[in-house]
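Read the structure below first, then the notes.
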Protein chains: 4
Amino acid sequence: MGPTLAEAKALIAAAQKVAAEIDKPITTVVVDSGGFIVPCERMEGARPLTPSIATAKAYTAAIMQRPAKMLKTWCQTQPEFFAQVSRMGHHPIVATEGGVTLKREGVLLGGIGVSGGTGDEDQEICEKALAATGYDIDFAEWNRVKK
Amino acid sequence: MGPTLAEAKALIAAAQKVAAEIDKPITTVVVDSGGFIVPCERMEGARPLTPSIATAKAYTAAIMQRPAKMLKTWCQTQPEFFAQVSRMGHHPIVATEGGVTLKREGVLLGGIGVSGGTGDEDQEICEKALAATGYDIDFAEWNRVKK
Amino acid sequence: MGPTLAEAKALIAAAQKVAAEIDKPITTVVVDSGGFIVPCERMEGARPLTPSIATAKAYTAAIMQRPAKMLKTWCQTQPEFFAQVSRMGHHPIVATEGGVTLKREGVLLGGIGVSGGTGDEDQEICEKALAATGYDIDFAEWNRVKK
Amino acid sequence: MGPTLAEAKALIAAAQKVAAEIDKPITTVVVDSGGFIVPCERMEGARPLTPSIATAKAYTAAIMQRPAKMLKTWCQTQPEFFAQVSRMGHHPIVATEGGVTLKREGVLLGGIGVSGGTGDEDQEICEKALAATGYDIDFAEWNRVKK
């Protein structure tokens, strides 16, 4: 399950619009609910490693099913264990700003990752892109048992 | 050095047009001359691993500076050595169809990789996309010494 | 894109001249904008691992598009995330002195890495070598969006 | 132990002279008897991965103490075992042309590796460079017990 390519590209366009406003070239990646890339775009001037970094952020948000920055407490309180978990997927699981889960009416659809600005800027770009395109913007720390 | 994002997206659009004609959903990746992704797009129906496969193909064509299928003889005559070389970059070096070097008036600009069809279809899509967008389509097996 | 071999060797000669003045044998590496080695020279007395260390420094400066020491804040404020990013290329991304970006009139050309002295000495050698050979010596923390 | 930087650069110059005659841009690497790089030079037009490939060849010839192509029989008769051994150093051990041991009057000094031409051309360049600079050009398959 995931956004269509057209929906994913609309997310990227929304992210790039915010990036242009703050004058920071970024790479944006959208992945499906399995963590596989749908599209990726590196703006002129965004640095060579930003596609890899943005992919890790989007992957994390999709697979861990919550924004990547929600993992910071885990990363800080159990650094050795988190380091092991972070290598269990096929991209690194990262505990940082700029990776947010894609969810619509409670249904998980994937993740978006942004790299190119400060952590706070990357996060802001993700959140504004989600808001502009009608995705949920609230995330619970924990899933619940399905009744 | 590499194509601009707009030029790279024009390449992807050209590739997707050919893919639609032969009714095969594909992922297309364009990388710069250093092998770093510029854009990637996975069409509806293209399988989850096609972005990774197309990335390896585009990376190979950029870094090895000739179409990936030109490496087949090397791969077949010295399989152990080729396997070692294939791990020397930050993506796998692959000897297969569907990865072609981007070059314009002799200047190396990067690579395009396509995954989703048969090898021959992926190759045909690359070549038609290059022809449609004005890139060089002839490649020498060897570079020459600059005088 | 990158310096020619002759230009890169002129950079190495300039670095070795400074190293001789401060009586520290060094290894100097110059890489192109994709992070691939152009030349490397280890002076008599420079230790065995200095080529690997200097390569990582030059690679970092080229790929991250700013001097390697500019990454120290990132490395210190988000050590786990930085450690993950540091393994995303085909050499380690290092946050330290002695790796400086090669840029001329704003055009990125690669990186130079020096290993053999203290961090401050390695950095000074890079900067003096750049100044002696006419490369830019100012670097912005962030790229800007191209209009 | 190893060649001085000046001696190693003379070897590279000799190799580049042969490369220019056959019109193939190459990368040449010289390592010391411990397998650590002394100098490396990539000629204009030599491809991005040639420094990594030439390093593996030079490393192999130094550490295995015989030309890298002498390992082909081993590689072919015991491929699984050879594959394991090939990962025991800090560069790949490769069984191919273009890596030759540096030895003078029977004293092991390191290795030279060339990448950029066909296997036979890379080998020929190594051998002519050794002959031009006065190194031994005969190598025994086995060392002998020192009496």
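Protein chains get the first letters and strands the later ones, always in sequence-line order, with residue 1 at the start of each.
- Close approach to chain A, defined as a heavy atom under 4.5 Å from one of its heavy atoms, is seen in no residue of residues 8-39 of chain C.
- Contacts between residues 117-124 of chain A and chain C, defined by a heavy-atom separation under 4.5 Å, are made by A/Gly117, A/Thr118.
- Between chain C and the options A/Pro48, A/Gly45, A/Ala46, heavy-atom pairs under 4.5 Å are most frequent for A/Pro48.
- Here the side chains of A/Lys72 and C/Gln78 are in contact, with some heavy-atom distance below 4.5 Å.
- Residues of residues 85-109 of chain A that come closer than 4.5 Å to chain C, counting heavy atoms only, are A/Ser86, A/Pro92, A/Ile93, A/Val94, A/Ala95, A/Thr96, A/Glu97, ordered by residue number.
- Contact residues of residues 50-60 of chain C toward chain A are absent (heavy-atom distance under 4.5 Å).
- Residues A/Arg47 and C/Ile63 come closest through the heavy atom pair CB-O, 4.4 Å.
- No more than 12 heavy atoms of other residues, nucleotides or ligands shown are found within 6.0 angstrom of CD1 on A/Ile137.
- Looking at C/Glu80, only its side chain comes within 4.5 Å of chain A, counting heavy atoms on both sides.
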